[in-house]
Colleague: 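One structure is given below, represented as structure tokens, and several questions about it will come after.
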Number of protein chains: 2
Amino acid sequence: MRGSLKRMRSDNRSMVLDYVVRQGPAARLDIAKALGLSPATITTVVRELVDGGLVEVVDSEQTTGRPRELFGPSASSVHAIGVKLMAHRVVGVRVNYRGEVTGEMEHAYDSRGPRPLDALAEVLTAWTGDRSGLLGVGIGISGIVDARRGRVVGAPRLGWNDLDVAAELSDRLGTRVRIDNDVMALALAHALYGPARQHDHFMILTLGSGLGSAVIAAGAVQRGARGAAGELGHVTVDAGGPECGCGARGCLEAYVSEPALAAEAARAGLATDFEDLLDKAASEPRARALFERAGTRLGRVLQTAVNLVDPAVLIVSGEGVRWWPLVADAVRAELRRAKAGSAGSVPLIPDDLDDRGWARGAAACVLSAPLETTTPHTKERQR
Amino acid sequence: MRGSLKRMRSDNRSMVLDYVVRQGPAARLDIAKALGLSPATITTVVRELVDGGLVEVVDSEQTTGRPRELFGPSASSVHAIGVKLMAHRVVGVRVNYRGEVTGEMEHAYDSRGPRPLDALAEVLTAWTGDRSGLLGVGIGISGIVDARRGRVVGAPRLGWNDLDVAAELSDRLGTRVRIDNDVMALALAHALYGPARQHDHFMILTLGSGLGSAVIAAGAVQRGARGAAGELGHVTVDAGGPECGCGARGCLEAYVSEPALAAEAARAGLATDFEDLLDKAASEPRARALFERAGTRLGRVLQTAVNLVDPAVLIVSGEGVRWWPLVADAVRAELRRAKAGSAGSVPLIPDDLDDRGWARGAAACVLSAPLETTTPHTKERQR
DNA sequence: AGGCATCATTCAAAGTTTGAATGAAGTGAC
DNA sequence: GTCACTTCATTCAAACTTTGAATGATGCCT
């Protein structure tokens with residue numbers, strides 16, 4: 001019943017869909033050539049995708065001869081919900097299959113309340129309403145997540161441990177639910193919809209209240225052997241440095257994060273909080289120097305990371321993109337120090353992330369796998 | 001003609017072969033379950049592989065019922081030649097499909113001679129003799145290699161630039177020839193035959209006259225966007241350090257490599273050359289301290305690398321494994337400094353690499369893809 | 001109007017996987 | 001010794017997918 005011939009077509013459907021989404025508008029013959037399949041097959045597969053509402057004609061071209069129909073991801077038929085979960089707040093977005101935000105929501109929330117999943121389900125059902133065309137709900141969580149099984153392993157900020165979020169929420173909502181670590185989800189969104197989506201090998205760095213990263217290789221987010229890949233926040237940059245929340249000394253995040261920068265500014269009597277520090281940076285050289293030092297430290301670590309991974313580009317995202325200009329030069333200078341490898345030449349691309357970016361990332365968890373049949377709660381094939 | 005149904009069976013053959021090689025002896029039903037294919041298919045595919053001489057029964061098990069035939073890679077039917085190319089020397093090994101060395105060769109060579117490929121072909125034909133069961137010749141080269149196209153982009157140590165090695169040598173030898181960067185090839189050998197081969201996510205570090213690394217993810221060697229992945233040798237560890245051959249200052253390789261260690265020892269009046277330094281390390285604390293400082297520097301860089309990649313294990317290989325015990329403790333101490341991520345807990349496994357290890361790696365380039373039809377010199381499908 | 005170039009679709013043929021039934025190969029009990 | 005039993009392996013018709021070649025569609029250009 002789980003025939004491998006069926007799997008073959010299913011694989012081809014996924015491949016075609018993936019190509020259409022990432023490589024922008026494409027004609028059937030383009031797809032056939034790029035994927036090494038025959039035009040006959042593409043005809044069949046594209047028809048299925050169009051019928052399913054995932055793909056639609058977005059343009060047509062002609063030089064001479066029959067016009068080429070160019071296909072792209074559908075803008076209206078289907079959509080997904082993306083949710084960013086925080087300790088006291090939920091932010092949700094409705095995203096169409098092009099990754100465009102078509103609706104949003106923000107609601108108070110208490111992750112440490114008595115029945116956090118019931119409460120979450122309530123907020124979501126109240127908001128979503130009509131469920132036609134809904135592919136599913138994706139949830140991004142800051143913490144360690146077993147995305148494949150849909151479980152939260154440990155999320156200190158939410159106070160959650162070993163919680164079967166996807167299955168439980170799926171029951172309550174009656175929709176497919178996928179969860180993932182927030183940075184991984186954001187990376188996935190970039191792999192599908194970001195400026196670097198044509199590349200199948202790049203890196204993403206997130207700056208903000210913490211510091212995270214992820215590597216996309218062969219078009220897929222790398223999770224590592226234990227799902228802990230991308231942990232650059234607590235790398236030692238100064239063994240004699242101040243103690244970090246993690247228990248170690250001189251972690252990168254203890255220098256390059258909004259709380260750390262604010263704390264350092266406060267100690268130096270430069271600013272009262274981070275917003276104040278940002279204001280001061282416009283005029284006060286000492287404030288700017290503080291960012292530069294952070295940039296140098298960040299750059300040194302990135303030099304190793306980039307030379308190891310050799311990404312096509314490095315995307316900078318997270319709330320911290322707003323102060324990226326203050327550190328960018330120092331980062332670049334440090335990257336250029338390496339004369340071998342790709343550190344010196346990798347393009348650094350700040351991402352225009354807004355408040356809903358993280359939630360959009362969470363939606364990508366669903367958008368990336370629209371063809372999977374609803375996750376069976378029963379047996380899962382082990383590997 | 002290049003039917004995708006044929007490709008399907010070809011893919012399944014590869015999958016089965018790969019499983020048998022990496023996951024050790026396995027019965028048909030094991031393979032079927034692990035790969036999600038039906039026993040019927042496995043019967044067919046295994047028969048083809050046995051007929052092709054790639055796989056054979058290595059054992060049989062029984063509790064009650066019909067005995068299970070356990071299959072493993074063949075020890076005798078087929079083999080590959082692996083070659084490590086150096087400026088003045090060629091080292092070759094004959095390797096069976098289990099990755100075991102069954103013959104070896106060493107010959108003088110001048111990579112800067114008038115017709116280097118003719119000379120190489122001559123050495124190899126003289127050595128190999130009988131060609132029955134030969135899957136092909138793999139060549140490992142220190143430098144930048146476009147493995148897919150079989151071209152050397154730039155190999156300073158050999159004095160080669162933009163040379164179509166695979167095609168030219170293939171013509172002269174009448175066999176399939178594959179080339180690759182030596183570190184990538186070594187990593188591939190580990191992915192297939194090393195102690196970490198069950199893991200599909202690990203890292204390898206090579207120590208010796210230089211310093212290299214590679215990441216294996218999803219069972220495949222990661223090449224990065226430009227084929228420059230793993231370049232850890234010229235990462236900055238001390239911006240005020242001594243100048244390195246690459247033009248930068250304070251590169252990791254300028255501290256953690258045999259020439260660098262020897263030079264530092266000479267400056268301190270500790271030893272005349274590296275072998276001398278190794279001897280002294282047995283008794284002289286100052287010599288040992290020199291290695292420890294190198295280990296600390298190495299560990300700091302590895303901390304970032306490991307936390308980023310999250311490998312299941314870190315294999316240490318290269319000629320430098322013999323002095324790994326002198327740096328291991330310092331490396332470990334530095335890795336443990338990180339309280340988050342996997343740096344603190346990743347197992348460090350020195351590989352018992354002998355002189356022929358690099359050549360064996362080169363052979364893996366051929367062993368890893370035995371099912372490919374002879375590379376067509378004509379059109380290549382582009383992607 | 002007609003020719004033409006290019007894209008797209010149709011359809012019989014070829015090839016692969018699969019479920020169910022059947023066969024094979026031992027163990028252990030009597 | 002034989003018989004039942006258990007587990008692994010194979011066979012085979014049926015189901016399904018892809019494909020090459022032929023055919024159709026579509027609009028520009030002369």
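Here the structure is a predicted model, which means the values were calculated and not measured.
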Colleague: Measure the distance from CD on A/Glu69 to C1' on D/dG27 and round it to the nearest whole Å.
Modeller: 13 Å
Colleague: Between B/Asp180 and B/Arg223, is the closest basic N to carboxylate O distance under 4.0 Å?
Modeller: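 Judged by the 4.0 Å cut-off on N to carboxylate O distance, B/Arg223 and B/Asp180 do form a salt bridge.
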Colleague: Check step by step if side-chain contact (heavy atoms from CB on, under 4.5 Å) holds for A/Val137 and A/Arg176.
Modeller: CA-CA 6 Å; A/Val137 175; A/Arg176 193 146 61 100; over 6 Å; no
Colleague: Without decimals, in angstroms, what is the distance between B/Met8 CE and D/dC16 C1'?
Modeller: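 Distance, rounded to whole Å: 10 Å.
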Colleague: What's the separation between atom OH in B/Tyr193 and atom CZ in B/Arg22, rounded to the nearest 0.5 Å?
Modeller: 9.5 Å
Colleague: Going by the side chain to side chain contact (heavy atoms under 4.5 Å, CB included) test, name the single residue among B/Asp164, B/Val177, B/Ile179 that passes it with B/Leu169.
Modeller: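 Result: among B/Asp164, B/Val177, B/Ile179, B/Val177 is the only option passing the side chain to side chain contact (heavy atoms under 4.5 Å, CB included) with B/Leu169.
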Colleague: Hey, does the side chain of A/Arg28 come within less than 4.0 Å of C/dC7's phosphate (OP1/OP2), counting only N and O?
Modeller: no
Colleague: Restricting to nitrogen or oxygen on both sides, can you table the protein-nucleotides 4-7 of chain D pairs closer than 3.5 Å?
Modeller:
from, atom 1, to, atom 2, distance (Å)
D/dT6, O2, B/Gly65, N, 3.3
D/dT7, O4', B/Thr64, O, 3.1
D/dT7, O2, B/Arg66, N, 2.6

Colleague: Between D/dT18 and A/Asn12, is there an OP1 or OP2 to side-chain N/O distance shorter than 4.0 Å?
Modeller: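 A/Asn12 to D/dT18 OP1/OP2: side-chain N or O found under 4.0 Å.
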Colleague: Could you list by number each residue of residues 43-62 of chain A showing a heavy-atom separation from DNA chain C of less than 4.0 Å, or answer none if no residue does?
Modeller: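 When residues 43-62 of chain A is checked for heavy atoms under 4.0 Å from DNA chain C, the hits, listed by number, are A/Thr43, A/Arg47.
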Colleague: Figure out the CG/C1' separation between B/Leu37 and D/dA9, and round it to whole Å.
Modeller: 16 Å
Colleague: In this structure, how many angstroms lie between the C1' atom of D/dC16 and the CZ atom of A/Arg7, rounded?
Modeller: 14 Å
Colleague: Please determine, for the side chain of B/Ala27, which listed nucleotide (D/dT10, C/dG19, D/dA9) has the closest atom?
Modeller: D/dA9
Colleague: How many whole angstroms separate atom CD1 of A/Ile31 from atom P of C/dC7?
Modeller: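 Distance check: A/Ile31 CD1 to C/dC7 P gives 13 Å.
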Colleague: Quick one, A/His201 with A/Asp310, criterion side-chain hydrogen bond (donor to acceptor under 3.5 Å, both in side chains). Give me CA distance, side-chain angles, the key distance, then yes/no.
Modeller: CA-CA 8 Å; A/His201 215 111; A/Asp310 182 29; over 6 Å; no
Colleague: Round to the nearest Å and state the distance from A/Ile42 atom CD1 to D/dT18 atom P.
Modeller: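 About 9 Å, once rounded to whole Å.
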Colleague: Rounded to whole Å, how long is the line connecting atom NZ of A/Lys33 with atom P of D/dG20?
Modeller: 14 Å
Colleague: As a quick check of understanding, evaluate side-chain contact (heavy atoms from CB on, under 4.5 Å) for A/Val95 and A/Glu100, giving each step before the final call.
Modeller: CA-CA 5 Å; A/Val95 181; A/Glu100 298 158 347; 5.8 Å; no
Colleague: For a side-chain contact (heavy atoms from CB on, under 4.5 Å) check, start with the C-alpha distance between B/Arg148 and B/Asp146, then their side-chain angles and the critical distance, and finish with the verdict.
Modeller: CA-CA 6 Å; B/Arg148 217 162 52 85; B/Asp146 182 341; 3.8 Å; yes
Colleague: B/Thr41 and B/Ser38: side-chain hydrogen bond (donor to acceptor under 3.5 Å, both in side chains), yes or no, with the steps?
Modeller: CA-CA 5 Å; B/Thr41 302; B/Ser38 75; 3.1 Å; yes
Colleague: So, taking the atom named CG in A/Asn96 and the one named CG in A/Leu135, what distance separates them when rounded to the nearest 0.5 Å?
Modeller: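 A/Asn96 CG to A/Leu135 CG: 10.5 Å, rounded to 0.5 Å.
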Colleague: Pick the nucleotide of DNA chain D nearest each of B/Leu70 and A/Ser38; which residue has the one closer to the 5' end?
Modeller: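 Nearest nucleotide further toward 5': that of B/Leu70.
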Colleague: Both B/Thr41 and A/Thr41 contact DNA chain C. Which one's nearest nucleotide lies toward the 5' end?
Modeller: A/Thr41
Colleague: How bent is the helix from C/dA1-D/dT30 to C/dC30-D/dG1, measuring the angle between the end axes built from five pairs each, rounded to 10°?
Modeller: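 Answer for the end axes of this duplex: 10°.
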Colleague: What's the separation between atom OG in A/Ser368 and atom CG in A/Leu192, rounded to the nearest 0.5 Å?
Modeller: 6.0 Å
Colleague: Could you tell me whether A/Asp30 and A/Arg68 have a side-chain N and a carboxylate O separated by less than 4.0 Å?
Modeller: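 The answer is yes: the pair qualifies as a salt bridge.
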Colleague: What is the distance from atom CD of A/Glu168 to atom CZ of A/Arg151, rounded to the nearest 0.5 Å?
Modeller: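 The CD atom of A/Glu168 sits 9.0 Å away from the CZ atom of A/Arg151.
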